[in-house]
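All remarks here apply to the structure that follows.
Here the structure is a predicted model, which is why all the values come from computation and not from measurement.
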Amino acid sequence: MTRVAYEYAVIRVVPRVERGELINAGVIVYCQPRDFLCAKVTLDAPRVHALDPHADLTGLSEALSAYELACAGTTGPVAGQSPGSRFRWLTAPRSTIVQTGPVHPGLTTDPAGELNRLFTLLVAPL
């Protein structure tokens, strides 16, 4: 199978933005040639509470879930937009508690498999 270009960004939780400390909480992958846009997220509550004992875990879980919903494109402010538009909107720089890191490129034959590989490599506990 032919390898195709894809882009990805890590979704981060920054419990106290002023401190700049972050926890990788998910990955979003966009592959235009395969019309693929998907996010995979998790919230590691003990790690979040280590950085901010008063963090709103329910609010953080909802914010992370919003990435998965926006990728599906069925609800929210980007519903109905193209996968590329949704990816650009999701990865736009923000100064909020949940934000994405820089966008990186890659090549893959399997975007869904790449999402799982990146999640394991960059987000899952060691």
Side-chain angles (χ1 to χ4, degrees):
M1 188 177 281
T2 305
R3 294 190 314 165
V4 292
Y6 73 94
E7 299 171 84
Y8 76 94
V10 175
I11 303 167
R12 302 169 172 172
V13 172
V14 187
R16 295 178 60 193
V17 175
E18 67 278 8
R19 290 184 60 113
E21 299 167 326
L22 58 92
I23 298 163
N24 291 349
V27 178
I28 180 171
V29 170
Y30 170 55
C31 180
Q32 181 183 14
R34 301 280 168 84
D35 199 31
F36 179 87
L37 176 63
C38 193
K40 185 172 183 176
V41 299
T42 189
L43 182 62
D44 189 332
R47 289 179 70 199
V48 171
H49 275 156
L51 296 181
D52 183 359
H54 305 291
D56 176 8
L57 297 179
T58 301
L60 286 171
S61 291
E62 290 172 1
L64 289 170
S65 294
Y67 278 83
E68 293 173 319
L69 292 171
C71 285
T74 55
T75 63
V78 293
Q81 292 186 15
S82 71
S85 293
R86 292 193 313 270
F87 179 74
R88 299 290 171 237
W89 184 80
L90 289 167
T91 58
R94 292 175 175 81
S95 180
T96 60
I97 292 174
V98 177
Q99 54 188 257
T100 58
V103 174
H104 302 283
L107 293 171
T108 187
T109 58
D110 178 15
E114 196 64 22
L115 174 67
N116 290 325
R117 185 187 77 79
L118 289 168
F119 184 85
T120 299
L121 180 68
L122 302 173
V123 179
L126 298 173

Which atoms form the tightest heavy-atom contact between [X] and [Y], and what is the distance?
| X | Y | answer |
| --- | --- | --- |
| Ala5 | Cys31 | O-SG, 3.4 Å |
| His54 | His49 | N-CD2, 4.5 Å |
| Pro83 | Leu37 | O-CD2, 3.4 Å |
| Glu21 | Pro15 | O-CD, 3.7 Å |
| Tyr6 | Leu107 | CE2-N, 3.3 Å |
| Val29 | Pro111 | CG1-O, 4.2 Å |

Would you kindly confirm whether [X] and [Y] end up in one hydrophobic cluster when ILVMFWY residues are joined by side chain heavy atoms under 4.5 Å apart?
| X | Y | value |
| --- | --- | --- |
| Val98 | Leu22 | yes |
| Val41 | Phe87 | yes |
| Tyr67 | Leu115 | no |

Any heavy-atom pair between the side chains of [Y] and [X] that's under 4.5 Å?
| X | Y | result |
| --- | --- | --- |
| Tyr30 | Val103 | no |
| Asp110 | Arg117 | no |
| Ile11 | Val123 | no |
| Leu90 | Thr100 | no |
| Val17 | Ile97 | yes |

Distance from [X] atom [atom1] to [Y] atom [atom2], nearest 0.5 Å?
| X | Y | atom1 | atom2 | answer |
| --- | --- | --- | --- | --- |
| Ile23 | Leu51 | CD1 | CG | 4.5 Å |
| Leu64 | Leu57 | CG | CG | 10.5 Å |
| Arg34 | Thr109 | CZ | OG1 | 7.0 Å |
| Arg12 | Leu122 | CZ | CG | 10.0 Å |
| Ile28 | Tyr8 | CD1 | OH | 13.5 Å |

side-chain hydrogen bond (donor to acceptor under 3.5 Å, both in side chains) partners of residues 82-96, not counting sequence neighbours, each pair once
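Those involving residues 82-96 are Glu7-Arg88, Ser82-Ser85.
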Take atom CD of Gln32 as the centre, draw a 6.0 Å sphere, and report whether it contains more than 12 heavy atoms from other residues, nucleotides or ligands.
no
